[in-house]
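Written out below as structure tokens is the structure these notes cover.
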Amino acid sequence: MEEKKQSLYGKLVDTLRETIKTEMKPHDLLPSERDLSEIHGVSRTTVRLALQELEHLGYIYKKHGKGTFVSSVSDSVMNLSGAYSFTEQMKSLGRIPQTKTLSFEVVSANQYFADRLGVHKGVKIIKIKRLRLADGQPMMLERTYLPQIKFASLTEEKLDLKSLYDLFLSEYGEVIKYAEEEFYASIVNGKDAEWLDVPTGSPALNLIRETYNTNNEVIEYTLSVARADQFRYKILHNRIP
């Protein structure tokens with residue numbers, strides 16, 4: 001009996017995945033659990049397990065009180081491998097990028113951020129919280145920290161006119177040499193879930209980014225929370241003979 005149940009569950013996962021790939025578009029609404037149960041002749045428990053698996057794989061996402069939707073799991077999902085520009089990648093996907101600055105303040109660095117930015121504890125740093133959107137849909141929440149000594153004249157108004165990386169070069173003569181990025185899976189909780197318009201506990205991809213100038217100094221430290229249904233990370237391994 002258990003083997004039969006597992007077989008039904010696996011078959012339903014494959015069937016729904018094929019339907020999503022061939023017949024549906026990103027953000028299409030899936031039938032309800034009850035409807036799927038009737039359509040495929042299986043129990044709602046089997047449907048629920050299959051949907052959980054598809055959500056884990058990134059094929060669907062849920063909105064509380066609204067239903068289950070098809071994720072952007074094909075080329076419309078943003079690839080986070082390597083250094084990236086959110087604005088340019090969204091444009092390349094035919095989507096309209098938008099950035100909302102949620103807060104901009106100067107604070108005293110605690111030991112954690114002092115270590116990351118290479119400054120002394122208590123030194124003033126700039127803290128910026130921004131929401132990244134595409135076609136009006138929240139995609140990523142960013143918290144960026146900068147050493148104020150290098151960007152003392154930076155204002156929220158300037159950020160509204162130019163991207164941060166454009167300002168680095170045009171306003172402050174800071175040339176980016178390289179960036180180190182770390183990615184790890186997580187879940188979204190609290191206010192972050194509200195900003196990203198996902199239920200609390202939804203899967204997320206966390207990013208830690210350190211950006212270095214030509215003097216090997218850290219000029220940016222950013223902590224980001226990205227919606228797991230909208231992003232992917234791909235890496236290519238080359239075999240060296």
Side-chain angles (χ1 to χ4, degrees), residues 26-27 55-64 66 69-105 113 116 125-146 154 156 158-168 176 178-211 218-235:
H27 315 302
E55 184 176 16
H56 175 72
L57 293 171
Y59 283 93
I60 61 174
Y61 65 96
K62 296 177 181 177
K63 284 190 176 182
H64 183 67
K66 295 183 179 180
F69 299 83
V70 176
S71 299
S72 303
V73 294
S74 59
D75 291 338
S76 59
V77 182
M78 184 173 172
N79 183 3
L80 288 177
S81 53
Y84 69 93
S85 162
F86 178 88
T87 298
E88 292 308 314
Q89 285 215 16
M90 288 298 104
K91 287 180 177 178
S92 72
L93 295 173
R95 307 185 69 175
I96 301 173
Q98 181 186 3
T99 299
K100 288 184 179 180
T101 302
L102 305 178
S103 64
F104 184 103
E105 55 185 328
F113 290 109
R116 269 66 191 173
I125 60 174
I126 299 170
K127 177 182 177 182
I128 308 166
K129 183 177 178 181
R130 296 185 295 173
L131 181 65
R132 303 284 203 158
L133 306 96
D135 297 334
Q137 179 183 45
M139 302 281 284
M140 177 189 293
L141 190 63
E142 293 182 343
R143 293 176 174 86
T144 297
Y145 302 84
L146 312 171
L154 183 64
E156 185 175 338
K158 288 183 178 180
L159 272 178
D160 290 339
L161 296 175
K162 281 187 177 182
S163 75
L164 181 61
Y165 289 171
D166 284 344
L167 288 169
F168 279 168
I176 295 175
Y178 68 96
E180 290 184 355
E181 291 179 331
E182 180 181 339
F183 303 79
Y184 63 95
S186 183
I187 59 174
V188 189
N189 285 315
K191 188 66 176 177
D192 286 1
E194 293 182 34
W195 284 120
L196 291 173
D197 192 26
V198 295
T200 296
S202 296
L205 187 64
N206 283 31
L207 298 84
I208 302 174
R209 180 182 179 91
E210 292 182 352
T211 303
V218 178
I219 58 173
E220 173 207 9
Y221 183 76
T222 294
L223 303 172
S224 302
V225 182
R227 288 176 50 161
D229 63 311
Q230 294 295 322
F231 292 84
R232 71 183 177 199
Y233 179 62
K234 181 171 65 177
I235 187 166

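Quick note: residue numbers are just sequence positions, from 1.
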Derivation of the side-chain contact (heavy atoms from CB on, under 4.5 Å) call for Leu167 and Lys158 = CA-CA 8 Å; Leu167 288 169; Lys158 288 183 178 180; 4.2 Å; yes
What is the minimum heavy-atom distance between [X] and [Y], and which atoms define it?
| X | Y | result |
| --- | --- | --- |
| Gly136 | Leu133 | O-CD2, 3.5 Å |
| Arg132 | Thr99 | NH1-OG1, 3.0 Å |
| Arg209 | Tyr165 | NE-OH, 2.7 Å |
| Leu164 | Glu220 | CD2-OE2, 4.5 Å |

Might you work through the side-chain contact (heavy atoms from CB on, under 4.5 Å) test for Phe104 and Leu154, ending with a clear yes or no?
-> CA-CA 10 Å; Phe104 184 103; Leu154 183 64; 4.1 Å; yes
Using the six-membered ring wherever Trp is involved, compare the ring planes of Phe113 and Tyr221 and label them parallel, tilted or perpendicular (cut-offs 30° and 60°).
-> perpendicular
Could you grab the distance from atom CG of Leu102 to atom CD of Glu156, nearest 0.5 Å is fine?
-> 9.0 Å
Rounded distance (nearest 0.5 Å) linking atom CG of Leu146 with atom CZ of Phe168 = 5.0 Å
Do [X] and [Y] have side chains that get closer than 4.5 Å, going by heavy atoms?
| X | Y | result |
| --- | --- | --- |
| Arg227 | Gln137 | yes |
| Tyr145 | Thr222 | no |
| Val70 | His27 | no |
| Arg116 | Val218 | no |

Would you mind checking if Arg143 and Asp192 are paired as a salt bridge, meaning a charged N to carboxylate O distance below 4.0 Å?
-> yes
Taking distance alone, no hydrogens or angles, what donor-acceptor pairs closer than 3.5 Å link side-chain atoms of residues 193-208 to residues at least two apart or in another chain?
unit_1	atom_1	unit_2	atom_2	d
Glu194	OE1	Lys191	NZ	3.3
Ser202	OG	Pro199	O	2.6
Asn206	ND2	Tyr184	OH	3.1

Salt bridge (Lys or Arg N to Asp or Glu O under 4.0 Å) partners of Arg130, counting only residues at least two apart | Glu142
Other residues, nucleotides, ligands: >12 heavy atoms within 6.0 Å of Lys100 NZ = no
